[in-house]
Amino acid sequence: MELSTRYEPQATEAKWYPLWNDAGCFGADANSSRPPYCIVIPPPNITGILHMGHALNNTLQDALIRWRRMAGDNALWVPGTDHAGIATQNVVERSLLAQGSSRHSLGREAFLEQVWQWRDKHGDIIVNQLKRMGCSCDWTRERFTLDEGLTRAVRTTFSRLYRDGLIYRGNYLVNWCVRCGTTLADDEVEYTDKQGKLWHMRYPIEGLPGEFAVVATTRPETMLGDTAVAVNPADDRYKHLIGRHVLLPLVNRRIPIIADDFVDREFGTGMVKITPAHDPNDYQAGKRHGLEEINVLTPDGHINENGAAFEGLERYAARKAVVAELEKLGLMEKIESHPQRVGECYRCHTAVEPYISLQWFVKMAPLAAPARKAVEDGRVHFHPEGRVNDYYRWLDGLRDWAISRQLWWGHQIPAFYDDEGNVHVPDTDEEYEQMRADARDGKLRQDPDVLDTWFSSALWPFSTLGWPDEQSADLKAFYPTSVLITAKDIIFFWVARMIMMGLHLRDEVPFHDVYFNPIVADEHGKKMSKSKGNAIDPLTLMEEYGTDALRFTLCAYASRDQHIAFNVKECEGYRNFMNKLWNASRFIFSNLEGLTAEDLAAAAPADPAARAAMPLEDRWILSRYAHTVQAVNEALTGFDFDIAVKAIYDFFWKDFCDYHIELTKSRLYGATNDPSPEATARSKSAQAMLVVILEGTLRLLHPVCPFITEEIWNALRDTLPQGFAQEAPTGQTLGAESAKAFSSTFLMTAPWPTFDPQSYIDEAAETQLELLQEVIYTIRNIRGEMKMGPGIAATIRMAAPDQPTLEALRRDTAFFHALTNLKTLEMDMEGAVSSPAFAATGMARGVMIYVELPEEMKQQECQRLEKEVARLAGEVTRLGAKLSNESFTAKAPAAVVEKEREKLFTLQEEHDTITKKLALLGND
RNA sequence: GGGCGGAUAGCUCAGCUGGUUAGAGCACCAGCCUUACAAGCUGGGGGUCCACGGUUCGAACCCGUGUCCGCCCA
């Protein structure tokens with residue numbers, strides 16, 4: 001097969017997804033007896049497009065789900081989207097505005113029809129992007145928060161909570177977005193630091209002509225709604241004023257001067273104005289002191305009828321007007337610049353107003369306590385564990401949750417009012433339908449508001465599985481789900497609420513583990529945002545480097561650190577890895593001639609005795625492979641994605657490509673010149689081993705890099721003889737495991753490596769090969785430093801320090817020929833090796849190595865040895881000092897001391913030997 | 001202001017329970033088109049592990065203080 005020397009991801013990535021999907025590879029089976037493994041996707045919102053956070057989050061989910069699926073679990077990844085009440089409504093309203101229309105001119109029904117149209121047209125953009133990334137979601141179970149089933153879940157929850165006394169309606173101070181015309185939950189308000197102003201205003205004190213109460217404020221227009229002035233009761237400056245009244249300017253209202261502990265004596269003048277209807281602190285103070293709450297704003301942010309002459313002014317225009325008027329009256333003491341935090345709507349970034357209105361709330365305290373306990377007693381584990389502190393702190397400081405939104409797009413609140421003002425909340429679907437009918441007939445009126453989108457998100461882990469139908473097969477099979485993977489910035493938005501709802505409604509936690517994936521920032525560590533213009537588009541990266549490379553990069557970044565400074569350059573390195581994988585595979589494909597199913601079946605037996613006769617490099621690579629499988633299993637189990645991918649990277653590139661493949665070449669090529677049965681057998685064993693390792697690595701890597709692995713794996717099978725998989729042999733060999741894997745249609749449905757890594761770990765082979773590696777490294781090092789190009793064949797002699805080492809070297813002389821250009825290689829015991837005319841000298845594990853060189857290199861060799869002696873002398877001194885320190889030898893563990901002694905002994909020997917060599921050279 | 005996390009090579013990051021001569025990739029330097037791969041191969045240079053104290057025979061790692069950066073909350 002002719003393959004390009006470079007891996008080109010585009011065609012591969014386009015090819016496999018539809019094949020997998022059409023073959024039903026993504027689907028889970030609710031009736032399976034295999035152990036369930038379920039992840040529900042954090043539903044992206046329908047107005048969203050894929051950003052780096054999504055890319056990371058979904059790569060990790062896909063890696064886990066593909067891993068568990070291969071490992072034999074009944075793996076289900078439930079996909080879906082959320083309706084994003086405010087965001088979606090905003091998008092459609094903007095386009096209506098552009099057409100000179102509005103939702104109000106359309107009316108509720110027609111408007112909703114438009115939104116649905118918009119969602120049908122644009123709502124699956126992000127879903128398609130997830131598919132482009134390779135996400136193996138079960139699309140037959142795709143959900144949308146406004147689906148009939150999920151809507152029923154929302155209605156059921158509302159009734160349940162209402163009946164349980166956990167939902168109530170009342171007039172309270174809430175966060176109000178004047179642009180969206182809706183209330184917001186506390187955590188939907190984002191705060192930014194701005195340079196604002198602090199206005200010091202004078203309120204004339206009644207009965208004390210010429211004296212003023214000077215209050216400082218950042219929002220002067222709210223003074224129209226002031227109903228008191230407050231001082232700290234312990235503030236001696238103002239004690240005498242407590243109980244007096246001031247005359248509120250502009251509106252001429254007589255309001256009291258009260259004392260309250262909450263007043264900060266250091267802030268401003270130490271006197272504050274109290275505006276209960278427009279400030280959270282003042283609201284509380286107002287309740288404590290029974291103050292009147294005077295609302296001065298209209299829902300769209302204009303001054304209302306309570307604002308006297310300022311009625312009708314927009315809030316910022318009113319601010320200017322109020323300030324100008326006070327200045328004119330000489331009531332503005334001073335204006336300072338003042339840093340302040342401004343709360344903004346998380347969807348439209350308009351400054352939020354604290355605003356009193358009639359809303360629905362969820363009582364949080366009774367829900368928070370069990371949710372806290374579930375994490376405390378380990379029914380839900382957080383990874384990294386430290387995140388529990390955020391969770392606890394949020395739960396502990398929780399205020400009731402404002403759930404009604406003055407929007408049309410969403411779940412309309414299932415509460416109905418009759419003419420007497422009674423509230424009716426249906427308990428059943430039948431009651432609900434009846435009330436809807438009554439509402440149409442005008443007998444009842446349904447609450448016009450909708451529920452917070454997060455209200456439906458909180459139900460997602462079970463609503464997607466069929467709840468409230470307790471008999472749902474999916475619910476029975478997959479709830480509680482296995483793990484939730486999410487970004488930590490929505491820990492409150494929904495992790496906590498899902499736990500609360502899961503516990504309250506189903507008496508069970510919604511998931512056993514929560515893994516918080518890191519936040520992806522730009523290369524300078526700054527959070528990515530559209531407004532900053534530092535956002536990286538994952539689709540661009542996929543096009544440039546390939547999806548697998550991007551996925552690999554994201555996994556490599558997903559360490560315990562909760563912050564990723566994403567550097568695009570990293571993708572390049574892992575793109576190169578994909579290319580390496582590709583080219584190693586090409587090499588293997590072109591060297592499989594003559595390999596049979598029997599050859600493969602016999603390869604890599606689990607029985608160590610059966611492996612004893614195998615070449616060192618094969619025993620070694622199997623041991624390395626076994627370590628890698630073990631490392632990957634452990635890493636994925638512990639959500640250490642970076643460790644998993646780096647283990648594969650190092651194994652494949654450094655062990656397999658750099659050494660094992662190179663070492664098999666002589667066996668592979670040997671058969672072409674030598675038709676003997678022995679040579680053929682050697683060649684076939686090499687071929688089989690290459691297939692075993694490549695095939696196994698592809699399976700290990702598949703969860704992270706699904707496309708390239710599927711491509712190569714299929715190409716590998718196609719390269720093998722016809723009927724290969726059908727003859728899949730059984731038996732305790734990795735060759736048989738690979739052959740069996742090939743009976744799967746796809747790699748994605750092939751089994752995860754299940755052999756016991758322990759049985760393939762071969763410490764003796766590893767130690768032996770490390771000796772050879774060190775020797776070859778020493779030779780290459782000398783060649784490099786002595787400017788001996790690869791074209792020059794070297795004459796090498798080695799002197800072993802002892803008989804076992806000599807035997808080890810002699811057993812595998814092919815190793816040296818394979819890895820460096822040799823003319824002659826001689827080896828013997830120390831003393832038995834004849835000294836060459838002139839040679840550079842090196843030592844590796846006691847083995848003396850001579851690389852013959854022309855005499856004129858003597859100068860360079862002296863320099864090289866001097867450097868080496870200096871290095872060794874330094875080490876010897878350091879270790880000597882350590883070992884002559886009595887407190888070290890007395891207090892450190894014996895094993896540590898012994899290790900250091902041995903080290904010193906070896907170093908001392910090397911030092912002395914090299915010193916002698918140097919002396920000899922100098923004497924010439 | 002409170003909490004959490006981070007600070008290790010020019011850059012991006014590993015370094016798990018203290019016992020290393022502190023690692024990788026990229027970048028850099030030198031040499032190689034060695035019949036899988038120049039997106040490659042081989043070798044090399046490069047770090048008072050933020051600072052200062054402390055614990056310890058021994059600290060990148062543990063404790064304290066400070067500085068800077070990031071995130072969250074008020």
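A, B, ... follow the sequence lines: proteins, then strands. Residue 1 opens every chain.
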Which nucleotide in B:G40, B:A39, B:G19 has an atom nearest any side-chain atom of A:Val896: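 Of the candidates, B:G19 comes closest.
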Partners meeting side chain to side chain donor-acceptor pair (under 3.5 Å) with A:Lys882 (sequence neighbours left out): A:Glu900
Pairing residues for A:Trp713 by the side chain to side chain donor-acceptor pair (under 3.5 Å) criterion, not counting sequence neighbours: A:Glu695
A:Arg399: salt bridge (Lys or Arg N to Asp or Glu O under 4.0 Å) partners, not counting sequence neighbours: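 So A:Arg399 forms a salt bridge (Lys or Arg N to Asp or Glu O under 4.0 Å) with A:Asp186.
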Dot-bracket notation for RNA chain B, counting Watson-Crick and G-U pairs under 3.5 Å, with | for partners on another strand: (((((((..((((.....[...)))).(((((.......))))).....(((((..]....)))))))))))).
Whole-Å P distance, B:C50 and B:C11: 13 Å
P spacing across the pair B:U34 / B:G18, given as an integer number of angstrom: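 Those two atoms are separated by 50 Å.
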Residues that A:Phe587 engages under ring pair (Phe, Tyr, Trp, His ring centres under 6.0 Å), provided they are two or more places apart: none
Sequence-distant partners of A:His54, ring pair (Phe, Tyr, Trp, His ring centres under 6.0 Å), two or more places apart: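 Here the qualifying residues are A:His51.
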Contact list for RNA chain B against residues 882-895 of chain A - heavy-atom distance below 4.0 Å: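 Those residues whose heavy atoms fall under 4.0 Å from RNA chain B, taken from residues 882-895 of chain A in numerical order, are A:Asn885, A:Ser887, A:Phe888, A:Lys891, A:Ala892, A:Pro893.
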Strand-adjacent residues in residues 630-637 of chain A, judged by heavy atoms under 4.0 Å from RNA chain B: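 Heavy-atom contacts with RNA chain B come from no residue of residues 630-637 of chain A; none.
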Flag, side chain of A:Asn583 to backbone of A:Asn579, donor-acceptor distance under 3.5 Å: yes
Protein N or O to nucleotides 69-72 of chain B N or O, pairs below 3.5 Å:
unit_1	atom_1	unit_2	atom_2	d
B:G70	OP1	A:Lys526	NZ	2.9
B:G70	O2'	A:His563	NE2	3.2
B:C72	OP1	A:Lys527	NZ	3.0

Sugar-phosphate, base or nothing in reach of A:Ala584, heavy atoms under 4.0 Å: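 Base, at least one base atom sits under 4.0 Å.
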Sugar-phosphate, base or nothing in reach of A:Phe566, heavy atoms under 4.0 Å: nothing
Which atom pairs link the protein and nucleotides 42-45 of chain B when you take only N or O atoms and keep those under 3.5 Å?
unit_1	atom_1	unit_2	atom_2	d
B:G43	O3'	A:Asn781	ND2	3.3
B:G44	OP1	A:Tyr777	OH	2.5
B:G44	OP1	A:Asn781	ND2	2.8

Close side-chain approach of A:Asp390 to A:Trp394, heavy-atom, < 4.5 Å: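 Not in contact.
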Protein-nucleic acid N or O pairs under 3.5 Å, nucleotides 29-35 of chain B:
none

Test side-chain contact (heavy atoms from CB on, under 4.5 Å) applied to A:Phe905 - qualifying residues, sequence neighbours left out: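 So A:Phe905 forms a side-chain contact (heavy atoms from CB on, under 4.5 Å) with A:Glu909.
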